[in-house]
Structure formats: structure tokens, C-alpha cells
Visitor: 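Submitted below is the structure of interest, expressed as C-alpha cells.
Counting convention: from 1, in listed order, for ligands and their atoms alike. Owing to the predicted nature of the structure, the values given are computational and were not obtained by experimental measurement.
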Amino acid sequence: MTLRSLLFVPGDRPDRMKKALGLGADALILDLEDAVAPAAKPAARAAIAAFLAQPRTMPLYVRVNPLGSGMIDDDLCAILPGAPDGIVLPKAEGGPSLAALDAKLTGDIRILAIATETPAAIFGLGSYGGITQRLAGLTWGAEDLPAAIGATQAREADGSYTAPYQLARSLTLFGAHAAGVDAIETVYPDFRDLDGLAAYAARGRRDGFSGMMAIHPTQIPVINAAFTPSPAEIARARAIVAAFAANPGAGALSLEGSMIDAPHLHAAERLLARVRP
Ligand code: COA
Ligand code: MG
């Protein structure tokens, strides 16, 4: 099932993890990385392990610390017995880092890579395909990369991303689809600005992202709505599929005054595959 909204919950906040179960997110990301201070990591590992041991009511991903941090093995040792649904890999740097994490996992655990957090990561965005069936998606971030390169800002005055981060976002989108996995939009940090979030998420869906990460409960319904096909979109997709079914062998057809051909049929089938029962 496609994940529309993935809510981050700091791993050292067990109260919030419990609360997060009832908020309507499609998945949670229990964080051991940036939202947890170094001294709090051991307690956070224990809290996440205890949370994973409860009966599972929704997909639970865990964001571990990066490969090479010296912390990831302790993270995995603590959480793998609880069989998380997935691991979020921060500071991923392409296929080799995906293979390195894959080798540490057993069982049915997916991987969501955050694929734009270091300068080298940008050059690995086309290398995620064909490595492991565990790969569920690629996502991106515009917080760590500017810090890594000494940029003073990732955003223009109007809030839109500057050119380097638009490039990172676009390459993530194409890298995910080249690997045959979902592209997931990054967080919208200003959690009080729900109109801005709605517009941002709508652009993500328009461009080919299938879901988005959230940081605050109020963001979840907005994100779910943005990544759910509307009744009108579903009706049009069904009409396109029906038109080709009624005209077997046809290449191009007309529907309501516009031309439809193979890409339209493909897009319609993709959209219908995402419709939730
Ligand atoms: N998960 C579950 N519950 C959350 C939550 C989250 N991520 N963020 C907020 N809440 C809950 C609060 O517990 C509070 O519940 P209550 O009304 O029952 O007390 C309610 O939502 C309102 O919270 P609010 O006061 O608006 O937020 P805050 O100022 O306490 O916290 C953040 C703001 C950003 C620190 C918090 O939303 C958060 O921790 N987000 C995730 C951060 C993260 O993991 N970042 C790493 C990836 S970028
Ligand atoms: Mg980070």
C-alpha cells in the first residue's frame, strides 16, 4: 500500500509515539537520528524497542543513525528484534550504502533512503535500482546538505527552494522512479502554515511524488488529502481505461475533446492502482 503520510516522532518521546498511533498517518518514523540528542540515544533505543514490542496497528519505520556514524549497529541491535516495518536511512549515498544496510538486515524489512543529505549523495541518486527488493522509496532533505556545503540558505525570500535544492529534489524524483520505487516529499517545517503545506504537497503530487513526511499531527490530514486522487481524477482515469477497452487495437483516441494515447492510459492505470479500497 502506498504511504501518503509518514509522521516523524522523536525516539525519546514515548508519550508522543503512543499518541501518534491515533492521528491518521499511514506510517510513523520513530527517530533515532537528528531529533535525538547524543546523550539520549540509549534511552531512545530502549523506548523504540518497547514500542515495537506492542501489538502492531500501523506500519512503523525507524530512522537510524547514518552508516559510518558509529551508532547504527547499536541502533539496529536494539530495534531489529522488534521487527520494524522499515528502516529510514539518513545520509544515504547511493547504491553502495543501500547494499551496506541491506547486508545488516534480515526478514521482511523495507528501506526508505534519505538520498540528498551530503554532497556525494547527489551523485549517487541514479544508483539505487537493482540492489535490493527492500527499497521502498527515496526521499530528500534540505537541512543537512546546506550545512554540509557552507550554504547560508536553502530558500528564497518567498520560501521556495533555491536552485541547488530544486535540483536535489528533482533528481530524487527521477532517481526513485528510475529504481522503480516511490518518491517521497521532504518535510514542510513551518507546521503552523497549513495553507502553505497544502500548496507544497499539491505540487509534490503533481510532480510525481506519492507521499510526504510530516513532523506535526496537524499536517497529516492535509498531506493525506493532497496525495489521495480526487473523485474527478478517478472518474477520468476510469473513462480513459474504458475508452481503450472499448477500442482494442486503437493507438490514439479522443475523450471529451482531447487526445489520449499510451502515456495517458499508463498514467490512468497508475492512478487507479493507488486508489484505496
Ligand atoms: N508526534 C506525535 N504527537 C505530536 C507530534 C509528533 N511528531 N508533534 C506534536 N505532537 C502532539 C503534542 O504531544 C501535543 O499533544 P497534546 O495536545 O496532547 O499535548 C500536540 O501534538 C500539539 O503539539 P505542539 O505543542 O503544537 O508541538 P510542540 O511545540 O510541543 O512540538 C515539534 C513541536 C516540532 C517539536 C514536534 O511536533 C515534533 O517533535 N515533531 C517531530 C520532530 C522530528 O522528529 N524531527 C525529525 C525529522 S525532521
Ligand atoms: Mg538530518
Visitor: Kindly identify the option in Met213, Arg13, Arg16 whose heavy atom sits closest to atom 36 (C) of ligand 1.
Guide: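 Residue with the shortest heavy-atom distance to the ligand atom: Arg16.
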
Visitor: Nearest protein heavy atom to atom 21 (O) of ligand 1, by residue and atom, and its distance?
Guide: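 Scanning the protein heavy atoms, the shortest distance from atom 21 (O) of ligand 1 goes to Pro217 CG, 3.5 Å.
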
Visitor: Between Val62 and Asp75, is the side chain to side chain contact (heavy atoms under 4.5 Å, CB included) condition met? List the steps.
Guide: CA-CA 9 Å; Val62 179; Asp75 294 341; over 6 Å; no

Visitor: Would you call the rings of Tyr188 and Tyr200 parallel, tilted or perpendicular, where under 30° means parallel and over 60° means perpendicular?
Guide: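 Rings of Tyr188 and Tyr200: tilted, as their planes differ by 30° to 60°.
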
Visitor: Does the distance from a Lys or Arg side-chain N to an Asp or Glu carboxylate O, for Arg169 and Glu185, drop under 4.0 Å?
Guide: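 Looking at Arg169 and Glu185, the cut-off is met.
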
Visitor: Which heavy atom of Leu6 sits nearest a heavy atom of Leu112, and at what distance?
Guide: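 What the structure gives for the nearest pair is CD2-CD2, 4.1 Å.
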
Visitor: Identify whether the distance between the nearest side-chain nitrogen and carboxylate oxygen of Asp182 and Arg110 falls below 4.0 Å.
Guide: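 Salt bridge flag = no for Arg110 with Asp182.
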
Visitor: Would you say atom 17 (O) of ligand 1 touches the protein, meaning some protein heavy atom is under 4.0 Å from it?
Guide: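 False for atom 17 (O) of ligand 1.
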
Visitor: Using a strict cut-off of less than 4.0 Å between a Lys/Arg side-chain nitrogen and an Asp/Glu carboxylate oxygen, indicate whether Glu233 and Arg274 qualify as a salt bridge.
Guide: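 No salt bridge links Glu233 with Arg274.
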
Visitor: Working note: Leu67 + Leu89, criterion side chain to side chain contact (heavy atoms under 4.5 Å, CB included); need CA distance, chi angles, decisive distance, verdict.
Guide: CA-CA 8 Å; Leu67 293 161; Leu89 180 65; 4.1 Å; yes

Visitor: Taking the side chain as every heavy atom from C-beta outward, state whether Phe51 and Leu21 have any pair of such atoms under 4.5 Å apart.
Guide: yes

Visitor: I'd like the name of whichever of Lys19, Lys18, Arg63 reaches closest to atom 19 (O) of ligand 1 through any heavy atom.
Guide: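 Looking at heavy atoms only, the winner is Lys19.
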
Visitor: So which protein heavy atom does atom 34 (C) of ligand 1 come closest to, and at what separation?
Guide: Phe191 CE2, 3.6 Å

Visitor: Show your working on side chain to side chain contact (heavy atoms under 4.5 Å, CB included) between Val241 and Leu265 and close with a plain yes or no.
Guide: CA-CA 6 Å; Val241 170; Leu265 177 60; 4.1 Å; yes

Visitor: Among all protein heavy atoms, pick the one closest to atom 6 (C) of ligand 1 and tell me residue, atom and distance.
Guide: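 Of every protein heavy atom, Phe8 O, 3.9 Å lies nearest to atom 6 (C) of ligand 1.
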
Visitor: Does the shortest distance from the Mg ion (ligand 2) to an N/O/S atom of Asp34 fall below 2.8 Å?
Guide: yes

Visitor: So, regarding Ala35 and ligand 1 (criterion: nitrogen or oxygen to nitrogen or oxygen, under 3.5 Å), is there a contact or not?
Guide: no

Visitor: What part of Leu7 sits under 4.0 Å from ligand 1 if we count only heavy atoms: the side chain, the backbone, both or neither?
Guide: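 The answer is the side chain of Leu7.
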
Visitor: Could you check whether atom 47 (C) of ligand 1 has a protein contact, counting only heavy atoms that fall below 4.0 angstrom?
Guide: yes

Visitor: In Asp144, which N, O or S atom comes closest to the Mg ion (ligand 2)?
Guide: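 That would be atom OD1.
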
Visitor: Checking a contact table here: which protein heavy atom is nearest atom 39 (O) of ligand 1, and how many Å away?
Guide: Pro10 CG, 3.4 Å

Visitor: Enumerate the atoms of ligand 1 whose separation from the nearest heavy atom of His216 is less than 4.0 angstrom.
Guide: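 Selected atoms, number and element: 9 (C), 22 (C), 23 (O), 24 (P), 26 (O), 27 (O), 37 (O).
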
Visitor: Taking only Lys NZ, Arg NE, NH1 and NH2, and the carboxylate oxygens of Asp or Glu, determine whether Arg56 and Asp85 approach each other closer than 4.0 Å.
Guide: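 Between Asp85 and Arg56 there is a salt bridge, with a charged N closer than 4.0 Å to a carboxylate O.
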
Visitor: Below the 3.5 angstrom mark, is there an N/O of Ile215, backbone or side chain, next to an N/O of ligand 1?
Guide: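 Yes; at least one N/O pair falls below 3.5 Å.
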
Visitor: Run the numbers for me: atoms of ligand 1, each under 4.0 Å from some heavy atom of Asp31, listed by number.
Guide: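 In order of number, 46 (C).
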
Visitor: Protein heavy atom under 4.0 angstrom of atom 25 (O) of ligand 1, is there one?
Guide: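 When distances to the protein are checked, atom 25 (O) of ligand 1 has no heavy atom within 4.0 Å.
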
